[in-house]
J.: 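I have a structure I would like to understand better, so I am pasting it below and will then ask my questions one at a time.
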Amino acid sequence: MTAQERVRVGIVGAGLMGRELAAAIGRWSALEDHPVVPELVGVCDTSPEALRWFDRIASVTHKTTDRRHLLEDDTIDVLYLAVPHHLHEELYLDAAAAGKDFLGEKPFGIDLAAAERIVAAIEAAGVFVRCSSEMPFFPGAQLAHETIAGGGLGQVIEVQHDFLHSSDLDRTKPINWKRQARYCGAIGVMGDLGMHVAHLPLRLGWQLRTVYAQLSDLVTERPDPQTGEPVPCDTIDNATLHCDAGFPLTLRTHRIAPGHMNTWRILATGMDVGVSFSTAEPKTVHRFALRDGRQVWERLEVGSQSAFATITGPIFEFGFADAILQMWASYLAERAGELGDRFGCATPAEALAAHRVFDAALRSGQTHRAEPV
């Protein structure tokens, strides 16, 4: 066991993902020989009810409704910033100005201009920052990435990459901030789900030249959560982006995808090999090859082990909570200079590049033609 650095963590935004981080830190001992031991010490949220959830975490000694208390606390080493998109720019700029390292939620600002200002501030401040994107840490996704990055496909023929769920299939679901453009941005579903399908293509170095977008606003009204009366739901529900990356690359982010609870999947085919993985089958990767002149799709079982080894037996299934643990293990290891050749979290530059793709998609939705990235 190597010597471990202790890192004190604060959360701004005590919602679902803030609670997921708290749970991940509680499971930290599942990691084998990680160089860092995080301790969750502070939480900020404007909702007293959200803050009360953290009463169960003994290490949390500071709960506040004013984020300045965490930004100005010199004993806090790292922040997790998990707030709605319209709050990203102000909060991320304040964190950078305070000299705080942080992991920020996607998409790094409500629009491209905000993302540009955020990334410029991060670079000027010299703080260590990454963007949340946990799905590529599934073992099957790691194998797909290794296959593609290692040139195993040969000449790339086509790639399809999707993030699909059915959370908005129910038209009676009350509206929330993710369904209102003033809070989530004109990019709609792309802001919420787009980094999930942009992370691997950008990490692989694929240059997206143009985007032809099919953008669907399927549910135009939803019930107000207080009155039950219908109110405008003015966001893009489903986005399908046909990209020219030197080969056809299709990126789909759908909130209304019947048959999918929460599915991240990729299918990449080349002249030599193909690889396919879906979180709907978390232990399985399908791989294509030519053998003796015949086309073969083989099934590989990948088990539970991801970028960072854990105590979990390799025969067991990997899940979302495991992906969160692996993402944070990657972030804190890279911050400590101990990532090595393991897969890293999405960078601010990659978040900005994703925004450029989404901006091109919005323009395409208006012009009905392919737009340059």
Side-chain angles (χ1 to χ4, degrees), residues 12-18 20 45-47 50 80-93 103-119 131-135 162-171 173-199 211 213-226 230-241 251-257 262 264 346 348 350-366:
V12 181
L16 171 64
M17 297 309 298
E20 287 285 358
D45 199 282
T46 56
S47 165
Y80 176 38
L81 308 182
V83 298
H85 305 167
H86 71 296
L87 301 176
H88 283 192
E89 182 175 1
E90 182 180 0
L91 178 56
Y92 292 13
L93 293 183
L103 189 145
E105 267 301 330
K106 52 194 167 38
F108 266 50
I110 198 167
D111 55 25
L112 174 58
E116 289 174 336
R117 291 188 288 269
I118 290 169
V119 173
C131 177
S132 177
S133 175
E134 62 278 347
M135 306 309 283
D162 308 327
F163 197 89
L164 312 170
H165 62 67
S166 54
S167 64
D168 281 8
L169 191 59
D170 179 4
R171 290 178 179 271
K173 177 181 177 181
I175 199 165
N176 61 19
W177 69 265
K178 289 185 179 181
R179 280 79 190 169
Q180 300 176 73
R182 59 179 170 157
Y183 300 122
C184 78
I187 57 177
V189 67
M190 293 182 286
D192 185 26
L193 305 181
M195 197 66 219
H196 290 302
V197 296
H199 190 172
V211 176
Q214 295 172 290
L215 309 177
S216 302
D217 181 10
L218 298 171
V219 180
T220 58
E221 290 184 332
R222 287 196 176 275
D224 181 279
Q226 276 74 48
V231 295
C233 180
D234 59 352
T235 56
I236 299 163
D237 296 305
N238 290 357
T240 300
L241 311 186
L251 305 177
R252 294 201 301 165
T253 53
H254 290 195
R255 281 204 188 104
I256 301 177
N262 196 61
W264 183 101
E350 289 168 339
L352 179 56
H355 258 292
R356 292 191 175 114
V357 175
F358 308 151
D359 185 69
L362 286 181
R363 286 185 274 115
S364 175
Q366 295 171 345

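These values consider heavy atoms only, across backbone and side chains, with no hydrogens, waters or symmetry-generated copies.
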J.: Provide the closest heavy-atom pair for Ile110 versus Ala114 in the form atom of the first, atom of the second, distance.
T.: N-CB, 4.0 Å
J.: Should Val357 and Val211 be marked as a side-chain contact (heavy atoms from CB on, under 4.5 Å) after you check the CA-CA gap, both sets of side-chain angles, and the distance that decides it?
T.: CA-CA 7 Å; Val357 175; Val211 176; 4.0 Å; yes
J.: On a heavy-atom basis, which atom in Ala257 and which in Leu164 lie closest, and how many Å separate them?
T.: CB-CB, 3.7 Å
J.: Tell me, with the steps shown, if Leu91 and Val12 meet side-chain contact (heavy atoms from CB on, under 4.5 Å).
T.: CA-CA 9 Å; Leu91 178 56; Val12 181; 3.8 Å; yes
J.: What's the spacing between Tyr183 OH and Ile175 CD1 if we round to 0.5 Å?
T.: 9.5 Å
J.: Using every non-hydrogen atom in the two residues, find where Asp217 and Thr235 come nearest and quote the distance to one decimal.
T.: OD1-O, 3.0 Å
J.: Can you name the nearest heavy-atom pair linking Leu241 to Ala361, along with the distance?
T.: CD2-CB, 3.5 Å
J.: From Ser364 OG over to Asp359 CG, what is the distance, rounded to the nearest 0.5 angstrom?
T.: 11.5 Å
J.: Quick check for you: to the nearest 0.5 Å, what is the distance between Asp237 atom CG and Leu218 atom CG?
T.: 5.0 Å
J.: For Arg222, check side-chain hydrogen bond (donor to acceptor under 3.5 Å, both in side chains) against everything at least two apart and list the hits.
T.: none
J.: When you check the gap from the basic side-chain N to the acidic O, do Asp192 and Arg255 get nearer than 4.0 Å?
T.: yes
J.: Verify, without hydrogens or angle tests, whether Asp234 (side chain) and Ala181 (backbone) share a donor-acceptor contact under 3.5 angstrom.
T.: yes
J.: Are Glu105 and Met17 packed together at the side-chain level, in the sense that at least one heavy-atom pair is separated by less than 4.5 angstrom?
T.: yes
J.: Do you know the tightest heavy-atom contact between Lys173 and Pro223?
T.: O-CD, 3.4 Å
J.: For residues His85 and Trp177, establish whether the separation of their ring centroids is below 6.0 Å.
T.: yes
J.: When the ring planes of His196 and Phe163 are compared, do they come out parallel, tilted or perpendicular, using 30° and 60° as the limits?
T.: parallel
J.: Do Cys233 and Arg179 make a side-chain contact, defined as non-hydrogen atoms from C-beta onward lying under 4.5 Å apart?
T.: yes
J.: Take Val83 and His88 through the side-chain contact (heavy atoms from CB on, under 4.5 Å) test and state the conclusion after the steps.
T.: CA-CA 7 Å; Val83 298; His88 283 192; 3.8 Å; yes
J.: Can you tell me how far the CD atom of Glu350 sits from the CZ atom of Phe108, to the nearest 0.5 Å?
T.: 10.5 Å
J.: Can you give me the closest heavy-atom contact between Arg252 and Val197, atom names plus distance?
T.: O-CG1, 3.9 Å
J.: Could you give me the CA-CA distance, side-chain angles and deciding distance for Met195 and Cys131, then say whether side-chain contact (heavy atoms from CB on, under 4.5 Å) is met?
T.: CA-CA 9 Å; Met195 197 66 219; Cys131 177; 4.1 Å; yes
J.: Under 3.5 Å, is there a donor on one side chain and an acceptor on the other for Ser216 and His254?
T.: no
J.: Please check this pair: side chain of Ser166 against backbone of Leu169, looking for a donor-acceptor N/O pair closer than 3.5 Å.
T.: no
J.: Please round to the nearest 0.5 Å and tell me the distance separating atom NE2 of His199 and atom CH2 of Trp264.
T.: 9.5 Å
J.: Find out whether Leu362 and Gln366 are in side-chain contact, i.e. whether some heavy atom of one side chain is under 4.5 Å from a heavy atom of the other.
T.: no
J.: For His355 and Pro107, indicate whether the former's side chain and the latter's backbone hold a donor-acceptor pair under 3.5 Å.
T.: yes
J.: With side chains defined as the heavy atoms from C-beta onward, is the minimum distance between Ile256 and His165 less than 4.5 Å?
T.: no
J.: Tell me, do Leu81 and Leu103 make a side-chain contact under 4.5 Å, heavy atoms counted?
T.: no
J.: Measure the CD-CD1 distance between Glu116 and Ile118 for me, rounded to the nearest 0.5 Å.
T.: 10.5 Å
